[in-house]
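Order of appearance sets the numbers: ligands from 1, and atoms from 1 within every ligand.
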Amino acid sequence: MRFEAYPGRGPRVYLETYGCQMNVADSELVTAVLRRAGYVSADRPDDADVILLNTCAIREHAEERVLGRLSYLYRYKSARPEVRLGLLGCMAQHNRAALVEKAWYLDLVAGPDAYRRLPEMIGAAGFDPQVDVRLDRAETYADIPAAHAEGVRAYVTAMRGCDKFCAFCVVPYVRGRERSVPPNAIMREISDLAARGVREVMLLGQTVNAYHFDEVDFGALLRKIARIDGIARIRFTSPHPSDMTDSLIDAMATEPKVQPYVHLPLQSGSDRILKAMERGYTVDEYLALVAKLRRAIPSLAMSTDIIVGFHGEDDCDFRATLDVMSKVRYDGAYTFKYSLRENTRAFKLGDTVSEDEKQRRLGEVIALQEETSLARNLALIGQTFPVLVEGPARRGEGMLAGKTPQFKTAAFPASEGIGAGDIVDARVISATGHSLTCTRA
Ligand code: 5AD
Ligand code: SF4
């Protein structure tokens, strides 16, 4: 496609994002790469010249959703054959052959390390379909400032890829080896964000606390970022239990800007299953870590990821997961039915738990978590928290909402002179499992 055909404005790109926060951050990177090359963003596919989907491959369901959406978007290309349709991200990398077969009309398939070349690829896609799924163990895009969305919170990529190879997970295959963004690039990006009024940064990485660059480990990185004026709150996700070092715990405990919330994926509460998952810790080690974190940071909130129905999980293993959840009493949990993924170590083991049984176990896990989340939030009634205001609350006129340090959504009545970016003290008057209703303290 020759874009000189659009005098006076660049070609328009519509980009849709699926999956985790890393993908949200990657889409901001892709937007930056394309803007540099003269493209402009489109809000809708209707009048876009290029339609891109940034995709997730973590579970089969995620892939199915994207395939459904792709076939829907294909109609824009049928109506206007000059439209270029492309698929980016983890699915592009995961099963290219099956993808190209199912979505034969794709003009462009680009994996997570190919984004620098997107402008060339889109340009050439008019002549031949373009595929670039090479992984590059050095690519961090450190020199490209992402096109961050507006808001009080910004996502900043600290590291890319994963070296853990949990038996169920495609991430190491689709995102490649672990690599950290140089600290000076992170500092520059966050200083720019602070200058634009951003108050909170969320550092991202598939195993973000495995961050290390020369002598700078993740704890040291947090301390450096805490020195940036204007940034009031620092968060990170997702850490791996095996990389929760003393340096990191110490930074969380002593650096006031680092917020008291951690997402600590458990996956299973059975040692046998954890071993088969190759998670690298036992239940006792995990519980000892939880105790250590809570000793160091008494106000800490904690969430987790749970997979039910992994290969070989029997009722006893499943009960063990419920047992650990009852012991830890998480503030929240993301719960998943095991999804067999090609290329992973567990793929050849196959599925041993029926879909119905997975669904039943998932229901139990969710019910237990809802009960715990509610009980934990009700226990906060009467307490006061500093809330970083994000904007109007979703649920009602005249209310503002934001997050407490523990990353709980808190809503309170709006008042003159208070707006996004302010930190106000709010006292909890009622709670559900998902949010807190407050008055100004
Ligand atoms: N099946 C189900 N859940 C998975 N996750 C990763 N791979 C799979 C899979 N094959 C979950 C894990 C991980 C989260 C991001 O997704 O719980 O922590
Ligand atoms: Fe996947 Fe395990 Fe890496 Fe997390 S740590 S991205 S679950 S392989």
Give the table of side-chain donor-acceptor pairs shorter than 3.5 Å for residues 372-380, with sequence neighbours excluded, one pair per line with atom names and distance.
| residue | atom | partner | partner atom | Å |
| --- | --- | --- | --- | --- |
| Thr372 | OG1 | Leu368 | O | 2.8 |
| Ser373 | OG | Asp331 | O | 3.0 |
| Ser373 | OG | Gln369 | O | 3.0 |
| Ser373 | OG | Gln369 | NE2 | 2.9 |
| Arg376 | NE | Asp331 | OD1 | 3.1 |
| Arg376 | NH1 | Arg329 | O | 2.6 |
| Asn377 | OD1 | Lys408 | NZ | 2.6 |
| Asn377 | ND2 | Thr432 | O | 2.9 |
| Asn377 | ND2 | Gly433 | O | 3.2 |

At less than 4.0 angstrom from any non-hydrogen atom of His240, what atoms of ligand 2 do you find?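 Atoms satisfying the 4.0 Å criterion: 5 (S).
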
Using a strict 4.0 Å cut-off to heavy atoms of Arg279, name the atoms of ligand 2 that fall inside it.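 With Arg279 as reference, the close atoms of ligand 2 come out as 2 (Fe), 7 (S).
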
Salt bridge or not between [X] and [Y]? Use side-chain N to carboxylate O under 4.0 Å.
X      : Y      : result
Glu139 : Arg179 : no
Lys358 : Asp351 : yes
Glu178 : Arg160 : no
Arg341 : Glu63  : yes
Arg134 : Asp132 : yes
Asp163 : Arg137 : no

Closer than 4.0 angstrom: is that true for some heavy atom of Arg175 and an atom of ligand 2?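 Not so, Arg175 does not reach ligand 2.
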
What's the count of protein N, O or S atoms under 2.8 Å from atom 1 (Fe) of ligand 2?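 The number of such protein atoms is 1.
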
If the criterion is any heavy atom closer than 4.0 Å to an atom of ligand 1, which residues make the list?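 Residues near ligand 1: Ile58, Arg59, Phe168, Gln267, Asp305, Ile307, Phe336, Lys337, Tyr338, Ser339, Arg341.
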
Answer yes or no: is there a donor N or O on one side and an acceptor on the other, between the side chain of Tyr330 and the main chain of His263, under 3.5 Å?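 No.
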
Is the distance between the ring centroids of Phe347 and Phe168 less than 6.0 Å?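 No.
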
If we count only N and O atoms by modelled type, under 3.5 Å, do the side chains of Thr409 and Ser435 hold a donor and an acceptor together?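 Judged by distance alone, the side chains do not pair up.
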
Which residues share a salt bridge (Lys or Arg N to Asp or Glu O under 4.0 Å) with Arg199, sequence neighbours left out: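 In terms of salt bridge (Lys or Arg N to Asp or Glu O under 4.0 Å), with neighbours along the sequence ignored, Arg199 is linked to no residue.
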
